[in-house]
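Below, read A as the first sequence line, B as the second, and so on, with proteins coming before strands; counting in each chain starts at 1. The figures that follow rest on heavy atoms only: side chains count, while hydrogens, waters and symmetry mates do not. Please read all numbers here as calculations on a predicted model, not as lab measurements.
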Amino acid sequence: MKTEATLKRVIYVLGAAALLFGLWGFYLRFFVGERMVNYGSYVVWGLWVAMYLFYGGISTGSMMIASLDYLFGIRLFKGIGKTALWAAVVTMPAALVTIGMDLGHMERVWKVFLQPNLLSVMAQLVWGYSIFMVVLLAALWLIIRLERGKQDARPWLRFVMAVGLFLSIFLSGGVGALLGVNASREAWHTAMLPAQFPVFSLLSGCALMLVLLGWFAPADEKRNSQLRALSIGLLILLLIKTYYLWVDYSQALYAGTPVATEAVEQVLFGRWGWAFWLLQLGLGMVFPIAFLLYKRFQQNPLWSGVVGVAVLVGIAVARANIIFPMLSIPELEGLATAFTGPHLTFDYYPSLMEWSVTLGVTGGAALAWLLGMDYLPFLKTQSKEVAQ
Amino acid sequence: MADDQQATRISRRNFIKIMGVAGAALASRRLLNGRPVRADRPAAATAELPPPPAKTEADVLLRMQEELARALKKPPAERRWVMVIDLRKCVGCHACTIACVAENKLPPSVVYRPVIEKEIGTYPNVSRLFVPRPCMQCEKPPCTPVCPVNATYTNEEGVVVVDYEQCIGCRACITACPYGARTSDFGYTYTEDTPVADGLIVGREKADDYERASNFEYGKGYDRPRSHGSPIGNARKCHFCLHRLHEGLLPACVTTCIGRATLFGDANDPDSLVAEMISKPNVMVLKEELGTKPRVYYLV
């Protein structure tokens, strides 16, 4: 209990500090514009797009976890549905705000609703996210009704959760398709991306739940069982992710043609190589796999949370490694030096403003989750429910 | 010997006489009609020179100009604008790039037609190749279907255009373009943030006014805003200078090309220069394997 309170205080302080730092970035974005970003016309999408994939993955993954409780009714996961749903509710806006910052004309987003090109994957995603947000809020509302004894809400909740689960798979895969439809980008143009991304989302949701349960749920036998189940699930998903990584990279390198190997070599040995080896592979995959193989660690709440954070950091870096390195390869040889100017470079490192907005959004999402769990009445019952 | 000396004397005397008469005649002629005096060319040398051409071949620009006027009389849907770039004639002067920047008032960070320079071989066997790269105006463009709001599309003349008021600035089209032919406008100007001390930069204010003035892309007057507003925040690209074409003018890059390496016209006109050029066996397009069917051809 003491550890939980301490961790909560630490996250409140860090979240508030990150949000404050982020406000500076938001100010610059709104009043100076996109001149202070480092992405451009060649590395078209940067940190914000990577983080949009990351938060979007957490949100849809959390929905998948919540469905274990409210849709499939698995007794072991009873009580974690609300925590997961609330996590999905706070991380989806984080994803949308981050991608909104990336738009040159964010004031025209309404056009995607009123004048859409529904054959565009991006338009489909925008519509999907909007419906997803409605579904999340509807699910929360139905849960409140259910807790007030309105049993007629139960079938509706199952229906809404079924729609939510479908959407979470569609949206995760859709993000993969958003990249995959670019036929001229060799490393993206594979049907594997839309197939892999739902798995990555589930992995993200699972890792976040380890953090939330391990650090903030009341200590009892049920929590330990849930932690163990989630740890085993996380381990399996990490092994699947390792396999995906292996087949992706080994196949590209084996082919040996520059167009296939360039992107992989950028990831492994390029400017961001250290992030791949240390954070994505070391911290995000090897450490958690090694750790979770030991049963006694699988029920340790504190270390479960640490493992969850490590996996989330690894996933965030993996998202970035899908975006930056591929875009760092010139479409035509010699393009980099043909005409020079601001934002006409294939060398990308996020600017301070980009980091600021990213940290601000992360801090905001963390604070929103904690504040909700601490002060929203229907979420405060969580403790009792888990104890039961 | 005495005869020889006599002959020489006579000869010298005769020579002086002839020169005197001739000089007087020339001087009088000049005085009479004022024409310049010109020495006669040796007959043998004149005979070795090739005869002057009977008729000088017209500049291809004039031909393309006539063809353009002819094409504009047809309904737009019957035109097929095509650009042909003869890489053997390109000298890498970048005049087309600069003409494009000036015509469309492109700010820093935006370029429609860079010239890619390639160095081939290693020292001492090195050669250089220049590849101007406008928008390929693909018949099957990968950049248009990804747009979430139909802001970029192929117009009835087959040119891929951007509706600046519709574009939300997501840059999905830039990602999708296999040729890197689109750039995003981040809101810079060339004169902004330059030193403002009096006399340090002559004409700075006028230059700034010039940068803010309308660029007339797509036949509309897009003033460059000082803060936010199109075309700032938009994806931008080469549009074959549609605004010039509709006024009967060739694209700026075509008229500026000093080597006449860039040709332009209606490929649906069988008598046009471009139709003639794209039927040659040494024609190629960039990344043909993608099947995007570019309307920009290269002669190699």
**Q** Is it the side chain or the backbone of A:Val126 that comes within 4.5 Å of chain B heavy atoms, both, or neither?
**A**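 When you check distances to chain B, no heavy atom of A:Val126 falls under 4.5 Å.
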**Q** Would you find a donor on one side and an acceptor on the other, under 3.5 Å apart, between the side chain of A:Asn117 and the backbone of B:Val149?
**A**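 Pair absent, no side-chain N/O of A:Asn117 close to backbone of B:Val149.
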**Q** Between B:His94 and A:Phe339, is any pair of side-chain heavy atoms under 4.5 Å apart?
**A**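 A side-chain contact under 4.5 Å is absent here.
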**Q** Can you say whether A:Leu327 sits under 4.5 Å from chain B via the side chain, the backbone, both, or neither, judging by heavy atoms?
**A**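 For A:Leu327, the side chain is the part near chain B, not the backbone.
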**Q** Does a donor on one side chain sit under 3.5 Å from an acceptor on the other, for A:Ser41 and B:Arg236?
**A**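 Note: A:Ser41 and B:Arg236 side chains miss the donor-acceptor criterion.
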**Q** Specify which of B:Glu289, B:Gln166, B:Arg133, B:Arg182 makes the most heavy-atom pairs with chain A at under 4.5 Å.
**A**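 The candidate making the most pairs under 4.5 Å is B:Gln166.
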**Q** Is it the case that the side chain of A:His105 and the backbone of B:Tyr164 share a donor-acceptor pair, with hydrogens and angles ignored and the cut-off at 3.5 Å?
**A**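 Side chain of A:His105 to backbone of B:Tyr164, a donor-acceptor pair under 3.5 Å: no, none is there.
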**Q** Salt-bridge test for A:Glu34 and B:Arg171: reply yes if a basic N is under 4.0 Å from a carboxylate O, no otherwise.
**A**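 A salt bridge links A:Glu34 with B:Arg171.
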**Q** Counting only non-hydrogen atoms closer than 4.5 Å, does B:Pro142 touch chain A with its backbone (N, CA, C, O), its side chain (CB onward), both, or neither?
**A**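 No part of it gets close to chain A.
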**Q** In terms of relative ring orientation, are A:His343 and B:Tyr188 parallel, tilted or perpendicular, with 30° and 60° separating the classes?
**A**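 Ring orientation, 0 to 90° scale: tilted.
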**Q** Tell me whether A:Arg185 contacts the main-chain N or O of B:Thr175 through its side chain, where contact means a donor paired with an acceptor under 3.5 Å.
**A**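 At least one qualifying donor-acceptor pair exists.
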**Q** Can you tell me which portion of A:Glu107 sits under 4.5 Å from chain B's heavy atoms? Options are side chain, backbone, both or neither.
**A**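 Side chain only.
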**Q** Kindly indicate, with the supporting measurements, whether the criterion side chain to side chain contact (heavy atoms under 4.5 Å, CB included) is fulfilled by A:Leu335 and B:Ile116.
**A** CA-CA 6 Å; A:Leu335 192 58; B:Ile116 295 170; 4.1 Å; yes
**Q** Checking heavy atoms, do the side chain of A:Phe346, its backbone, both or neither come under 4.5 Å from chain B?
**A**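 When you check distances to chain B, no heavy atom of A:Phe346 falls under 4.5 Å.
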**Q** Heavy-atom pairs under 4.5 Å with chain A: which of B:Val110, B:Thr183, B:Val111 has the most?
**A**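 The option with the most such pairs is B:Val111.
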**Q** Among B:Cys167, B:Cys143, B:Ala151, which has the most heavy-atom pairs under 4.5 Å with chain A?
**A**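 Of the options given, most contacts go to B:Cys167.
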**Q** Pick one of side chain, backbone, both or neither for A:Val112, based on which atoms fall under 4.5 Å of a heavy atom in chain B.
**A**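 Both the backbone and the side chain of A:Val112 come within 4.5 Å of chain B.
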